Amino acid sequence: MRRRGVLGLLAGSAVAGPQMAKTAIASGMEGLSLSGAGMLGGSFGGYSTMDSIPTGGGNYDPTEWPRKELADFLGRSMEEKRRRRLETHVNQLDPDIVVMNSLSLTTKVRMQRDRNFERAEAEQRGYLERQLRNALEHLTT
């Protein structure tokens with residue numbers, strides 16, 4: 001495609017974009033959920049937030065998922081933890097590890113992998129505990 005054709009295409013798309021959106025809305029696509037609009041309605045990625053959980057009737061227990069996930073997290077075997085630790089990626093080294101001149105690069109990477117694994121484990125545990133706490137608070141209100 002020649003240069004003028006590309007420039008014309010770019011200029012045309014900037015003008016035609018708003019008109020295409022108006023046409024789509026006019027043709028009955030008002031209920032279309034866009035990626036950012038879904039979060040405003042109380043759901044995120046297909047999972048509902050704690051505010052939109054139905055509390056009336058049935059045998060629904062909002063603490064079921066957090067309790068199960070926390071039990072699975074705490075009940076991991078040593079072999080599973082070892083495998084996850086070895087699969088942890090290292091993208092960069094912390095500054096305090098970099099300045100250790102007497103250590104080999106392999107040792108530095110292993111130290112950083114261990115740190116990254118421990119940070120991820122602590123973050124996941126905290127997330128699951130917060131979810132369980134929020135579910136329990138939702139039950140009491």
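Being a predicted model, the structure only gives us computed values, none of them experimental.
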**Complete:** Those residues at least two apart in sequence (or on a different chain) that pass salt bridge (Lys or Arg N to Asp or Glu O under 4.0 Å) with Lys108 are none
**Request:** Tell me, please, which residues at least two apart from Arg133 pass salt bridge (Lys or Arg N to Asp or Glu O under 4.0 Å).
**Result:** none
**Prompt:** Restricting to pairs with a member in residues 96-106, which pass salt bridge (charged side-chain N to carboxylate O under 4.0 Å, His left out), not counting sequence neighbours?
**Reply:** Asp96-Arg115
**Fill in**
Across all chains, not counting sequence neighbours, the side-chain contact (heavy atoms from CB on, under 4.5 Å) partners of Ser102 are none
**Prompt:** Mind checking what makes side-chain contact (heavy atoms from CB on, under 4.5 Å) contact with Thr106, not counting sequence neighbours?
**Reply:** Ser104
Quick one: side chains of residues 116-126, donor-acceptor pairs under 3.5 Å with protein atoms, not counting sequence neighbours, listed by atom name and distance.
residue	atom	partner	partner atom	Å
Asn116	OD1	Gln112	NE2	2.9
Asn116	ND2	His89	O	3.3
Glu118	OE2	Arg85	NH1	3.4
Glu118	OE2	Arg85	NH2	2.7
Arg119	NH2	Asp94	OD2	2.7
Glu121	OE2	Arg76	NH1	3.1
Arg125	NE	Glu129	OE2	3.0

**Asked** Given a cutoff of under 4.5 Å between side-chain heavy atoms of I, L, V, M, F, W and Y, with clusters grown through shared members, what are the other residues clustered with Leu103?
**Response** Ile97, Met100, Met111
**Other cluster members, Val109 - Ile/Leu/Val/Met/Phe/Trp/Tyr, side-chain contacts below 4.5 Å** = Val90, Leu93, Val98, Leu105
Set of residues satisfying side chain to side chain donor-acceptor pair (under 3.5 Å) with respect to [X], sequence neighbours excluded:
X	result
Asn101	none
Asp72	Lys68
Thr88	none
Arg83	Glu80, Glu87

**Asked** Rounded to the nearest 0.5 Å, how far does CG of Leu70 lie from CD of Gln131?
**Response** 11.0 Å
**Leu132 side chain near Tyr127 side chain, heavy-atom distance below 4.5 Å** = no
